[in-house]
Amino acid sequence: MKKQPLIIENLSKTYLQAHIGRKNKTRALRGVNLKLENNEIFSLIGLNGSGKTTAIKLILGLIHPDTGKVKIFGNPHFSSSSKRKTGYLPEMPYFSRNFSPVEILKFWGSLSDIPKDKLKKRIHAVLNYTSLTGAEHKKLNSFSRGMLQRLGLAQALLSDPELLILDEPMGGLDPRGIIEIRDHMKKLKERGKTIFFSSHIISEVEKVADRVAVLHKGKILKITEPHSRLEDEFLSIISEHEKNSK
Amino acid sequence: MKKTANKIYQIAKFTLLENLKRKNFLILFLFVIIISGSGILFSMLAPDKEVRVITDLGTASIELFAFLTAAFVSVKMILQEMENRTVYLILSRPVKRWTYIAGRFLGIAAQTAFYIIFMTSALALLLLIKGWSWDFYLVGISISIFFKVLIVISFSIMFSLLSTSSASSFLSIFFLWSLGHFSDDLLVLGEMLAESGIHITPLLRIIYYIIPNFNILNYKDFYHVRAPLSANFLFSCGYALGYSLVVLLISVILFDSKEL
Amino acid sequence: MTKKALLILFLLFTVISFNMTDKSPVYPSLFTKEFPLSTPGIFLSSTLGMRRLAADIVWIQSLQYYSRVGRIPDSTVVNGEKKLFPELIHYWQQVIRLDPLFISAHLTGPITLGWNLERTEEAIKLLDESIETIEKMNTLLDEKELLESEIEHLLMVGDKRNLEEVKWKLLTLKTVLIFLEEGEVGEASRELESIAFKENAPEEIRIMLAQIYQQEKSYDEALKMWLYINNTTRCDSVKGLSARKIQKLKKAIFLN
């Protein structure tokens with residue numbers, strides 16, 4: 001039986017900021033628990049500053065949790081085997097402008113433990129999938145925002161990962177770009193991938209996610225299935241929580 | 001082991017390519033202009049000492065250019081990658097943090113070596129035109145400059161991990177560069193102060209041993225006294241290499257616990 | 001654990017390498033004497049490790065300061081007398097303090113002061129400092145226990161030179177200036193002859209000797225000297241000067 005792609009147990013993180021003799025504590029995540037099922041699209045929604053990016057950074061091992069555990073397909077999240085099975089697309093990815101997609105993907109591929117003989121095929125496959133064939137040798141400084149986002153998705157798919165982690169994948173895109181990303185996510189699910197993404201565009205989350213977790217001030221308030229009135233439900237959950245916490 | 005070595009190589013290669021594509025090497029043409037100009041100028045100002053003056057100006061310029069480019073590139077690269085999240089894309093892959101630091105260090109070192117070789121060749125060509133007969137000390141000077149700059153690269157990486165400002169990192173590097181050359185005079189100053197009743201010699205001695213001693217590697221100032229590639233020269237280079245590795249390892253330890 | 005072990009290993013390697021190197025400075029510190037160094041000189045030499053370059057810059061500044069072409073020479077009035085280039089001694093002192101192994105500077109400065117400007121006292125003061133510096137450098141380098149190959153390598157950009165020989169030349173120059181001051185021109189020229197024809201003797205010594213011969217009306221000797229200077233010089237102005245002198249001397253010899 002395939003192991004669960006992502007298990008988060010009691011994950012907490014507090015940021016300490018020292019500034020001119022004063023120390024500020026920000027509790028970014030508080031006892032978060034989540035379990036993803038195979039082949040599902042799971043969305044983490046919340047307002048700006050709710051802890052979505054912190055959660056993703058913790059999953060990827062970019063920052064260290066105060067408490068809690070993260071497992072990816074049964075392995076600790078910081079292990080090489082977990083990272084080989086994970087593809088990541090950050091919010092507004094940056095790529096060196098003087099390179100072409102092929103050059104950039106060759107570099108990322110060489111760091112992803114993809115065998116040399118398979119790398120060329122994988123590069124062509126992901127460029128084809130993200131409709132970047134034809135522009136593969138053009139310098140990135142001539143790319144539009146949408147094309148860069150597609151390249152970001154291409155690099156996330158390079159090692160053919162089973163779990164995809166996308167941080168605000170629709171951020172900064174025009175309506176066509178948003179639709180493209182949404183379609184890609186559905187196609188990837190059909191190919192057996194599991195997708196975990198964060199967003200604050202509730203209307204888009206409704207159209208693509210299988211399950212949604214509402215994150216507010218570092219706490220998961222509710223896990224639900226998306227529906228047409230998700231936005232209203234999201235806002236009422238948050239205002240109720242704020243009322244209760246006063 | 002092989003995979004890790006390959007990743008370090010790939011990061012180093014990418015670092016070198018990135019800098020070449022950014023056309024940072026155009027600064028080398030500025031160097032060529034400076035030494036060519038100096039060749040013309042000194043043939044008028046100091047016709048019987050052309051070779052000496054061009055050698056001194058040329059080697060000092062090589063060192064300054066190598067130091068500035070290495071420091072700028074190291075500081076800017078690390079800080080920029082943390083700001084624009086490129087480092088997330090690297091570390092979300094099966095790449096250990098120390099591999100990233102090692103790869104960047106080697107890439108910048110390779111770039112520095114390339115610049116130094118180019119500049120030394122240009123200087124040698126000018127000197128040969130001016131009647132100099134080839135002597136290996138010029139290679140000795142370049143090697144000593146390279147090892148000095150290795151220390152600078154490792155410190156630049158460390159400072160950029162400690163600070164979020166490229167200006168403060170660069171100023172710290174420059175201060176360290178000056179202090180490292182001033183180390184011998186520190187002890188002399190300590191003795192002079194002791195004569196006036198101010199006893200800080202022990203403190204200055206500690207500083208002397210902790211800061212990198214660039215004087216022992218300042219071969220361009222005493223190549224006419226010491227032979228290149230002597231045992232002393234090799235030990236000085238060994239010291240520089242060891243020192244860079246210590247600082248690099250400290251950077252790795254800092255980076256391991258750094259919140260990105 | 002591995003990182004800590006590696007750190008200790010690298011630290012040990014660094015400490016051992018550092019102990020094996022000769023850490024004693026090659027040059028005496030600039031802070032052992034009081035002297036009016038210009039700010040760029042101190043900055044370059046102490047903080048950026050560019051003593052030789054600083055010496056070159058100050059040396060060129062001294063040549064520019066002394067150069068009279070198209071300019072009113074710097075002067076001051078001392079005890080009712082006009083003194084040209086009053087700062088020249090300070091420039092030359094800076095040069096030899098920045099780079100004690102700038103052999104040309106040790107020889108050229110006293111000649112300019114003592115012979116060209118007839119300020120024997122300043123020239124001897126400079127020579128005494130040069131001799132002391134060369135003795136100090138000799139001792140410093142002896143203490144370094146240089147290898148034989150390194151002693152041979154005691155160069156100034158390709159020239160073979162030995163500090164004992166340099167010291168002897170400085171003492172000779174001092175003797176020459178004293179003889180000239182006392183009017184013993186014959187003795188002075190004999191002393192100068194002992195160093196003027198040595199390999200890489202500064203041109204100023206040969207020019208000085210040529211001028212002494214001319215003063216003493218030894219036109220044949222003067223002509224030989226100027227011809228030698230004309231053949232060996234790389235300086236256009238010296239070439240021009242020697243060519244004019246040769247013309248004059250040929251006439252003088254012909255008339256005699």
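Predicted model, so just to flag it, every value in this text is computed and none were measured. Quick note on labels: first sequence line is chain A, next is B, and so on, each numbered from 1.
- Ion pairing between C:Arg52 and B:Asp56 holds under the 4.0 Å rule for side-chain N and carboxylate O.
- The aromatic rings of B:Tyr208 and C:Phe18 lie tilted to each other, with the angle between the two planes from 30° to 60°.
- Atoms CG and OH, on B:Asp184 and C:Tyr27 in that order, are 13.0 Å from each other to the nearest 0.5 Å.
- With contacts defined as side-chain heavy-atom distances shorter than 4.5 Å, the pair B:Asn218/C:Arg51 does not qualify.
- Scanning both residues, C:Phe13 and B:Gly238, for their nearest heavy atoms gives CE2-O, 3.2 Å.
- In plain terms, the two heavy atoms of C:Gly49 and B:Lys220 that are nearest each other are O-NZ, 2.7 Å.
- For the options C:Val238, C:Asp99, C:Leu12, heavy-atom pairs under 4.5 Å to chain B are most numerous at C:Asp99.
- Neither the backbone nor the side chain of B:Asn215 comes within contact range of chain C; no heavy atom of the residue lies under 4.5 Å from a heavy atom of that chain.
- Taking the side chain as every heavy atom from C-beta outward, B:Tyr239 and C:Asn19 never approach each other to under 4.5 Å.
- For the atom pair B:Glu191 CD and C:Ser29 OG, the distance stands at 9.5 Å (nearest 0.5 Å).
- Nearest approach of C:Met50 to B:Leu64, heavy atoms of both residues: CE-CD1, 4.3 Å.
- Among all heavy-atom pairs drawn from C:Gln64 and B:Leu45, the shortest one is NE2-CD2, 2.9 Å.
- Put simply, CD1 on B:Ile216 and OG1 on C:Thr21 are 4.0 Å apart, with the number rounded to the nearest 0.5 Å.
- Contact annotation for B:Glu63: only side-chain heavy atoms (C-beta onward) come within less than 4.5 Å of a heavy atom of chain C.
- For B:Lys130, the NZ atom is densely surrounded, since the number of other residues' heavy atoms within 6.0 Å is greater than 12.
- Without hydrogens or angle criteria, B:Lys49 side chain to C:Ile60 main chain gives no donor-acceptor distance under 3.5 Å.
- With a 4.5 angstrom heavy-atom cutoff, B:Phe182 touches chain C via backbone and side-chain atoms both.
- Contacts of B:Tyr209 with chain C are made by side-chain atoms alone, with heavy-atom separations under 4.5 Å and no backbone atom involved.
- Here B:Ser230 contributes atom OG and C:Asp22 contributes atom CG; the two are 9.5 Å apart, rounded to the nearest 0.5 Å.
- Contacts from residues 242-255 of chain B to chain C, taken as heavy-atom pairs separated by less than 4.5 Å, involve B:Gly242, B:Tyr243, B:Leu245, B:Val246, B:Leu249, B:Ile250, B:Val252, B:Ile253 in sequence order.
- Heavy atoms of C:Leu53 lying under 4.5 Å from chain B belong to its backbone as well as its side chain.
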